[in-house]
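None of the values given here were measured: they were computed from a predicted structure. Computed from heavy atoms alone, side chains included, the values below leave out hydrogens, waters and symmetry copies. Residue numbers start from 1 in every chain, and the chains themselves are labelled A, B, ... in the order their sequence lines are given, proteins ahead of strands.
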Number of protein chains: 2
Amino acid sequence: MTGRVQGTGADAVSRVIEEWHRERPDLDPSPIEVLGRLHRSFLLYQTQTSRPVAAAGLSLAGFDVLAALRRSGEPYRLTAGELAAASLVSSAGVTLRLDRLEGEGLLVRERDAKDRRVVHCRLTPAGLHLIDRLFAEHLDNERRMLAALKPKERTQLASLLEKLERSLSDAQEQ
Amino acid sequence: MTGRVQGTGADAVSRVIEEWHRERPDLDPSPIEVLGRLHRSFLLYQTQTSRPVAAAGLSLAGFDVLAALRRSGEPYRLTAGELAAASLVSSAGVTLRLDRLEGEGLLVRERDAKDRRVVHCRLTPAGLHLIDRLFAEHLDNERRMLAALKPKERTQLASLLEKLERSLSDAQEQ
DNA sequence: GAGTAGTTTTTCACCGGTGAGAAATACGGG
DNA sequence: CCCGTATTTCTCACCGGTGAAAAACTACTC
């Protein structure tokens, strides 16, 4: 018997699909097999990732910006536009992130001398120190989250997620 | 030569990993192969999913609630707690979602007669009609997003995401 | 070199989420 | 019954995101 109630029996998404199949047998709910699980996995990931970052007084949004600057290498400097593109965030969102991080002294804004529209963001020593400490922790935390996957499953999943990202990008185009 | 600049060359996550490898060769960034792609895929998914839903005057949050009620079957009624659990949202978040949907006449709150703490939420005819119309569109939209994946890739990805969700759940436990 | 189009970032008004704790109710044991 | 504990939902103060439009600037064209 497959029909479970609400609780913790099988997989939440499997139950969702069973319910839709019962209620709307005219529809094919199979996309949920992938995208519903994407959604739920992301929410779990987000919740668990933010905890240690928040313990250091940072949000995931702030962490994301500092990480982008750090991995860009010296002089740890990117424009607001580059940060928006790297994080898939709107330009308004980036402005907000920068306001907070600049207020906390983790980065500084510097107007470009040649093209005075563009704003460069540069890590301060405090920002560099913080992200260097947090990022190692962050990776360890992520490793814990993947502990139940075998190495082969991880590489397969990575490869399929890469294809998924491309598929989603394609769909966006038109 | 593998080092690409910023643009559209290979995969954004591959570039991120190359950068980290260059900047912090002491760390193993491999979790990003999976979780960075999870993150980006989710953001793309979210953006594209919200468009048609928003065109009907609804947010993804509202859509999520109506869908949970609809698939629960007649009488299309769940408690606030059940909705929170189904959507991985805090109780405060559910209250907010319900306020908006009730204000728009898409559901009604009904206090339980036996246990007056619990609030049942029931789809109104307007809510039922709206979600029945939108959900079919939504599935078609999701199918478009998966178009570049072969059937076999979809089932593999679904199965690996199920394992990932379980791995993330396990990690949450302690 | 003035006008126009295009770009980059910021502002504004809003939605949607959280954690902590309050409020209301239920329940079990003396 | 009454008390302490647990459960369920809501309130409050806040963070973080968006789209549209403004602001600041560049660059093209005539």
Report yes if at least one side-chain N or O of A:Arg109 is closer than 4.0 Å to OP1 or OP2 of C:dT10; otherwise report no.
-> yes
Carboxylate-amine/guanidinium proximity below 4.0 Å for B:Arg109 and B:Asp99 = yes
Rounded to the nearest Å, what distance is computed from the CZ atom of residue A:Arg111 to the P atom of nucleotide C:dT9?
-> 8 Å
Counting only pairs under 3.5 Å, give me each side-chain donor-acceptor contact of residues 51-71 of chain B, with atom names and distances, residues two or more places apart or in other chains.
unit_1	atom_1	unit_2	atom_2	d
B:Ser59	OG	B:Ala61	N	3.3
B:Ser59	OG	B:Gly62	N	3.0
B:Asp64	OD2	B:Ser87	OG	2.8
B:Asp64	OD2	B:Arg97	NH1	3.1
B:Arg70	NE	B:Asp132	OD1	2.9
B:Arg70	NE	B:Asp132	OD2	3.3
B:Arg70	NH1	A:Glu23	OE1	2.9

Judged by atom type as modelled, is there a donor-acceptor pair below 3.5 Å linking the side chain of A:Arg122 to the main-chain atoms of A:Arg77?
-> no
Any side-chain donor-acceptor pair under 3.5 Å between A:Arg37 and A:Ser14?
-> yes
According to the interplanar angle, ranging from 0 to 90°, do the rings of B:Phe42 and A:His39 count as parallel (below 30°), tilted (30 to 60°) or perpendicular (above 60°)?
-> tilted
Would you kindly give the CG-to-P distance between B:Leu101 and D:dT9, to the nearest whole Å?
-> 16 Å
What is the distance, rounded to the nearest whole Å, between atom CG of B:Leu78 and atom P of D:dT8?
-> 15 Å
To the nearest 0.5 Å, how far apart are CD1 in A:Ile17 and OG in A:Ser30?
-> 7.5 Å
Between C:dT8 (C1') and A:Asp112 (CG): distance, integer Å = 11 Å
Could you encode protein contacts along nucleotides 11-17 of chain D as a string, one character per nucleotide from 5' to 3', using B for base contact, S for sugar-phosphate-only contact and - for no contact, with a heavy-atom cut-off of under 4.0 Å?
-> B---SBB
From the list D:dC10, D:dA6, D:dT26, which nucleotide is the closest neighbour of the side chain of B:Arg117?
-> D:dA6
Report which part of the nucleic acid A:Arg51 touches: base, sugar-phosphate, or nothing (heavy-atom distance under 4.0 Å, all strands).
-> nothing
For A:Glu102 and C:dT9, give me the distance from atom CD to atom C1', rounded to whole Å.
-> 13 Å
Just how far, in rounded Å, is P of D:dT8 from CG of B:Leu98?
-> 16 Å
Do the charged groups of A:Arg15 and A:Glu18 touch, with an N to O distance under 4.0 Å?
-> no
Spacing between A:Arg116 atom CZ and C:dT10 atom P, to the nearest angstrom = 12 Å
What is the distance, rounded to the nearest whole Å, between atom CG of B:Leu83 and atom P of D:dT9?
-> 9 Å
